[in-house]
Amino acid sequence: MCGRFAVTTDPALLAEKIKALDETVEAAKGGGPNFNVAPTTTISAVVKRHDHSPSRSPGPAPDDESTRRIRSMRWGLIPPWAKTGEDGGPDTKKGPLLINARSETLTTSPAFRGSAKTKRCLVPMDGWYEWKPNPAADGKKASKTPFYMFAGDGEPLFMAGLWSTWRPKGGDEGASPLLSCTIITTDSAAQLADIHDRMPLTVSAADWDRWLDPDAPIDEGLLRGHGDLDRIEIRQVSRLVNSVRNNGPELIEAVAPETGLV
C-alpha cells in the first residue's frame, strides 16, 4: 500500500518542469516541502483536461486539446455520491478512507470505476514509506522498521491515481467542488517485495499522457506494469516517521540497521 510519502517540489516549479498549468489553490502554493504526507492532506496531482470539460456528458471530445494541469486535491478519494455531513462537507465517518485503489479491481469497484473512465491522475512524490515487520521476540508484539523508497536519480516519481469531484447536496452549483484523489497500488516487484507485498503503481514519463488522456479509455496494460521500477532505491530510515507530528529532512535520511530499531 501507500500510506505516507514525501514531496519537496513546489507546484509552480513542478508545472514548469513537466510543462503543465499550475492550477493549485493559493493555500497550497509555497507551503514548502512535506516529508511526512499523511492521508487527508491537501496534495498536488497532475491531470489532463480541456478548458471546458468539468461536467460534459459522454460524446465527441471538445475542439481544444486537453492540457496537463496541476491541481490541489485531498488525499483520500470522496466519490461524487458521498453523502453530505452535518457540517456541509462530505460525510467521511462511514466506510474506509480511500487513500489507495487496487489496480486489479479499480475498473469494477463502485468507488473507483467512474473515475477510472475519465478522471485519472498522477501523484508526484520524492518517495514513499513502508514498514517491514520484525520477528517477534519473547512473546512481545512484533515491531516494524520503516523504509523509504525513492528515485535514485533525484527526480520525482509519478504514481498512477484517480480523482473525483464532490459537491454538497443542495449547495451552490457555481461553487468550486471538492477535489480528492487516491493512489493506485499493485503487487510489489523485485527488491520492493521484501519490504511489503504492495507498492504504488509508477508511470514513466513516456506514458503520462496515455494514462491521463480524458478522451480515451483506460489503458489496462499500464495497470500491469511497473513503469519506473529501475529508478527506485530503498533505505532504512528513522522511526521518527512513525509520528505525523514529525516533518523534516531527517525523516528520509538513512540510518544504520543497528540503530534503526531503537
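Counting from 1, the numbers follow the sequence of the chain as shown. Heavy-atom basis, side chains included; hydrogens, waters and symmetry copies ignored. Keep in mind that this is a model prediction, so the values were computed, not measured.
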Exercise. Take N134 and K132, measure what side-chain contact (heavy atoms from CB on, under 4.5 Å) needs, and give me the verdict at the end.
Key: CA-CA 6 Å; N134 298 307; K132 181 178 180 179; 5.6 Å; no

Self-check item: Geometric cation-pi criterion R235 and F147, 6.0 Å radius, 45° cone
Solution: no

Test of understanding: clusters of I, L, V, M, F, W, Y form through side-chain heavy atoms closer than 4.5 Å, transitively. Do [X] and [Y] belong to the same one?
{"X": "L212", "Y": "L223", "value": "yes"}
{"X": "L97", "Y": "V244", "value": "no"}
{"X": "I232", "Y": "V123", "value": "yes"}
{"X": "V203", "Y": "F112", "value": "yes"}
{"X": "L77", "Y": "I70", "value": "yes"}

Exercise. Return yes when atom CD of E16 has more than 12 non-hydrogen atoms of other residues, nucleotides or ligands closer than 6.0 Å, and no otherwise.
Key: no

Quiz item: What orientation do Y148 and F150 show, parallel under 30°, tilted 30 to 60°, or perpendicular over 60°?
Solution: parallel

Quiz item: Do any pairs count as a salt bridge (Lys or Arg N to Asp or Glu O under 4.0 Å) and have a residue in residues 70-88, sequence neighbours left out, and if so which ones?
Solution: E23-R71

Check side chain to side chain donor-acceptor pair (under 3.5 Å) between [X] and all other residues, then give those that pass, not counting sequence neighbours.
{"X": "T84", "value": "none"}
{"X": "D187", "value": "R198"}
{"X": "S204", "value": "D207"}

Exercise. Kindly determine whether Q236 and T145 satisfy side-chain contact (heavy atoms from CB on, under 4.5 Å), including the steps that lead there.
Key: CA-CA 8 Å; Q236 186 175 322; T145 301; 3.5 Å; yes

Practice problem: Decide yes or no on side-chain contact (heavy atoms from CB on, under 4.5 Å) for T185 and L201, but give the supporting numbers first. | Solution: CA-CA 5 Å; T185 66; L201 178 64; over 6 Å; no

Quiz item: Between N246 and N36, does any side-chain donor sit less than 3.5 Å from a side-chain acceptor?
Solution: no

Quiz item: When you check the side-chain N and O atoms of R167 and T165, is any donor under 3.5 Å from an acceptor?
Solution: no

Rounded to the nearest 0.5 Å, what separates atom [atom1] in [X] from atom [atom2] in [Y]?
{"X": "M149", "Y": "L157", "atom1": "CE", "atom2": "CG", "answer": "10.5 Å"}
{"X": "T9", "Y": "D126", "atom1": "OG1", "atom2": "CG", "answer": "5.5 Å"}
{"X": "L14", "Y": "R68", "atom1": "CG", "atom2": "CZ", "answer": "10.5 Å"}

Minimum side-chain heavy-atom gap [X]-[Y] below 4.5 Å:
{"X": "I234", "Y": "L192", "value": "yes"}
{"X": "E250", "Y": "L240", "value": "yes"}
{"X": "P39", "Y": "W75", "value": "yes"}

Quiz prompt | Exercise: identify the closest heavy-atom pair between M73 and A45 | solution = SD-CB, 3.8 Å

Is the closest basic N to carboxylate O distance between [X] and [Y] below 4.0 Å?
{"X": "E155", "Y": "K17", "result": "yes"}
{"X": "D213", "Y": "R49", "result": "no"}
{"X": "D209", "Y": "K48", "result": "yes"}

Quiz prompt | W163: partners by ring pair (Phe, Tyr, Trp, His ring centres under 6.0 Å), with sequence neighbours left out | solution = none

Exercise. Start with the C-alpha gap between I183 and W128, add the side-chain angles, then the distance that decides, and say whether side-chain contact (heavy atoms from CB on, under 4.5 Å) holds.
Key: CA-CA 12 Å; I183 296 173; W128 78 99; over 6 Å; no

Quiz item: Residues two or more places apart in sequence or in another chain: which of them pass salt bridge (charged side-chain N to carboxylate O under 4.0 Å, His left out) with K117?
Solution: none

